[in-house]
Amino acid sequence: MKSLEELQKIKERALQRRKLSGEGSRARVVVAMGTCGIAAGARDTMTAILSELESRSITDVVVTQTGCIGLCEFEPIVQIQVGESDMVTYGKIDVGRVPELIDGHVVGGVPVAKWQVRK
Amino acid sequence: MAYRAHVIISGDPQQAQPVTVALLDEIGLLGLSNEIEVLAATDLTVATPSIEAIVYPDGVHYRDLTPDNARLVATEHLLKGRPVQNLMVQEQAVEPLDEPSTKEVRVVLRNVGVINPESIDDYIAQDGYAALGKVLTEMTPDGVLAELKTSALRGRGGAGFPAWMKWTFARNAPGDQKYVVCNGDEGDPGAFMNRRVLEGDPHSVLEGMAIAAYVIGATQGYLYVRAEYPIAIRTLRVAIEQAREYGLLGKDIFGTGFCFDLEVRMGAGAFVCGEETALMESVQGNRGQPRTRPPFPATSGLWGKPTNINNVETYANVPQILLNGGAWFAAMGTEKSKGTKTFAIAGKVKRTGLIEVPLGITVREIVYDVGGGVLNDKAFKAVQTGGPLGGCIPEKHLDMPVDYESLASVGSAMGSGGFIVMDEETCMVDMARFFMEFAQEESCGKCVPCRVGTRKMLDILEAICAGKGKPGDIEALETLGRSVKIGSLCGLGQGAPNPVLSMIENFREEYEAHIYDKRCPAKVCRALIEYKIDPETCIGCTRCARNCPVNAITGIARQPHVIDPEICIRCGICAQVCPVNAVSVE
Ligand SMILES: Cc1cc2nc3c(=O)[nH]c(=O)nc-3n(C[C@H](O)[C@H](O)[C@H](O)COP(=O)(O)O)c2cc1C
């Protein structure tokens, strides 16, 4: 890092990449992977999401992670954003719930209301 | 044999057989045979042909069991404690939450749970490292100190010492080599404020440390993090690597000639190693024991060189203060306590967890507005702040503002942000015993008053809880407490008597009830209570008898059951599993 301009360029690039359209992706799936999430099984959930997407040959979905969002009792927590719509937060997404969640929200585009943490 | 859980399997015997065999096999493989008992029962739900099971004491009801998913129940639920949602008869519903309390603000936690902690780009997108860039290219060290002074930021790890002052001492201390250290030991039981920042927004801490290094003239920093935080340590290492790649750590940062690098050091889980001088001994590879102060770390710290040490949260505040200005920060809080503070709310409160609130908020607002009130709407009794070295705040101070001075004025402390809510069912003798046991175990032994005094105080508290308290015990605790406080070098000994002293001050009558009436008003101390089954209410379902780990309960099916007080160990499992609330405590 040699100058403020260089930092500014990285910032702009990162902001651009945050927009889904910037990467040509249809959706973003975020798994909370703080200690609380991992203790509740977030690693298994993450693996299940990746293999679920792979088995459906879906490649235009960004899967990433974040820290504790502050709702530890609902872990494992998964957040899904499709297109430009708002991010939806889901609670207690264990391995068994992954297929239905991906099918409903990522593929079908309709949030799975019964597991939503916030209205 | 005391089992910690029972699994009752039901369904068509022929079909249930392979499920039971698989479950028993898996339990054996997991080494849980001595802890979990599997029982065969009659039909739970006659209508369905499915093989079902109920796990006690949790009461989780599974359906459609096969040998394979029975193994899953063993590994997930019985071993790891995570009920398998999609096999449960009634999936645990996710009850949607309301919006977060408007009393919460996010300064320290603004990026946590928002960005990907393993992506430096994500942090930079949130104006990350812009403060460091501004400081290095536009500000003098004195300019930074002036801004920090305006902000009035105080240390978030314990004593609340003004950050600008500490940094000034280290800046003015003569020395060829200086260091910055971040205290991420977080030893308070139940506290995880720092862990959440380190795991969720590691770069904010690195940036704060780099700014401190620039101000005091350090080139090397150490992050001291307890080994019990493996994810935090991994995340920090990834963050340091990424910052190095971008040249935000290393040589000639922002082309200004400023050089700074960082290393993570792991603590081995000793509470005393959170004390700043013991921490430095530990970083140097020595036994973690406090040094005599003065000299303070600012003049003689790591390897005898001038060193600045701050808490994780203190550093995490710094970049934003410099980006938004000290006045912005000082607009939050009270006259002497500015900004926000994170607290780990635990105990008898509806919403436990981690919060960030502006300082000056009242105890009542934290408990009732942010925490949602006392669990099961029981009566509020007190809250313990400052962890094992702090004190309790009784109900009469519910409307007291939470700031450094107010907490100290009632014999408690801010500490690092522990906030344990206690209700009418919390025993203040038992609570004091718990904290004293912690302090006694964690005393490093260097100072005799701390090493021996905490043991003596614990002996007395244990005796009182066991119904063996004597007249004079309360006075002995007070005298010993005062001696331990004045006779110890570091904050551990100086603070260890605080919980018991403040509890005696506020709840003396509870101590007297234990000693003179052999009564535990909160019905917690096992030697002073008895579990009873009300014969009128008992339906004779046998559940309590089957779950009693010591077989103290007898009775015939459909007839009232009886507990033998001689055998009973007062574990309370019978009360937990009773479907008709026939078990009471006296
Ligand atoms: C027994 C004991 C344990 C401590 N544990 C911690 C700790 O885990 N984290 C921490 O930041 N400070 C802890 N402290 C306080 C530190 O000694 C020191 O005051 C603090 O790191 C200074 O940082 P600050 O000015 O940013 O608060 C502890 C103090 C004592 C006496």
Side-chain angles (χ1 to χ4, degrees), chain A residues 1-18 30-44 62 64-77 79 87 89-100 112-119, chain B residues 76 80 82-87 91-100 104 109 111-130 132-134 137-138 192 195-201 229-232 235 246-248 252-255 351-355:
Chain A
M1 194 68 58
K2 288 287 164 254
S3 64
L4 287 177
E5 291 72 44
E6 202 183 325
L7 185 71
Q8 185 60 29
K9 280 211 191 83
I10 298 176
K11 177 177 169 184
E12 278 157 18
R13 191 186 67 201
L15 284 173
Q16 187 58 29
R17 217 187 280 156
R18 261 200 203 169
V30 185
V31 183
M33 302 269 269
T35 291
C36 46
I38 287 173
R43 283 213 175 108
D44 299 342
V62 189
T64 104
Q65 63 174 70
T66 190
C68 164
I69 75 162
L71 301 168
C72 311
E73 59 178 304
F74 290 99
E75 297 285 357
I77 285 174
Q79 298 177 305
M87 184 91 101
T89 302
Y90 296 103
K92 300 195 179 171
I93 302 303
D94 63 10
V95 173
R97 286 180 172 180
V98 166
E100 191 179 338
V112 184
K114 61 181 174 182
W115 298 329
Q116 236 168 287
V117 172
R118 284 219 169 89
K119 286 157 271 185
Chain B
E76 285 297 302
K80 299 179 193 163
R82 310 170 187 156
V84 186
Q85 300 285 347
N86 61 334
L87 291 176
E91 286 192 34
Q92 248 167 290
V94 174
E95 248 181 67
L97 287 175
D98 310 328
E99 285 307 302
E104 287 180 75
L109 298 176
N111 291 332
V112 178
V114 175
I115 62 168
N116 178 351
E118 297 195 355
S119 158
I120 189 169
D121 282 13
D122 240 17
Y123 179 65
I124 292 174
Q126 305 277 83
D127 284 327
Y129 290 106
L132 180 63
K134 178 175 162 185
T137 57
E138 296 168 9
F192 54 105
R195 185 186 78 201
R196 187 159 163 212
V197 173
L198 294 174
E199 285 178 3
D201 192 15
Y229 284 0
I231 296 164
T235 312
Y246 273 8
L248 290 162
D252 195 23
I253 302 168
F254 281 104
R351 289 188 222 127
T352 56
L354 204 129
I355 60 161

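All chains are named by letter (A, B, ...) in the order of the sequence lines, taking the proteins before the strands, and each is independently numbered beginning at 1. Not measured: the values here are computed from a predicted model. Note that these values count all heavy atoms, side chains included, but never hydrogens, waters or copies made by symmetry.
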Pairwise distance CD(Glu199(B)) to CD(Gln65(A)) - rounded to 0.5 angstrom: 10.5 Å

N/O donor-acceptor pair under 3.5 Å between Arg18(A) side chain and Asp122(B) backbone: yes

Best-contacting candidate, Ile115(B), Thr137(B), Asp127(B), against chain A by heavy atom pairs under 4.5 angstrom: Ile115(B)

Criterion side-chain contact (heavy atoms from CB on, under 4.5 Å) on Glu118(B) and Thr64(A), from CA distance to verdict: CA-CA 10 Å; Glu118(B) 297 195 355; Thr64(A) 104; over 6 Å; no

Region of Ile38(A) in contact with chain B, defined by heavy-atom distances below 4.5 Å: both

Which atoms of Ala232(B) approach chain A - backbone, side chain, both or neither, heavy atom under 4.5 Å: neither

Between Ile120(B), Leu354(B), Val112(B), Ile253(B), the one whose heavy-atom pairs under 4.5 Å with chain A are most numerous: Val112(B)

Shortest non-hydrogen contact between Val84(B) and Asp94(A), atoms and distance: C-OD2, 4.2 Å

Side chain / backbone / both / neither for Ala40(A) at chain B, heavy atoms under 4.5 Å: backbone

Any donor-acceptor N/O pair, Lys134(B) side chain to Leu4(A) backbone, under 3.5 Å: no

Contacting region of Asp201(B) [heavy-atom separation from chain A under 4.5 Å]: neither

Lys/Arg N to Asp/Glu carboxylate O, Asp121(B) vs Arg17(A), below 4.0 Å: yes

Approximate separation, where rounding is to 0.5 Å, of Glu6(A) CD and Phe254(B) CZ: 8.5 Å

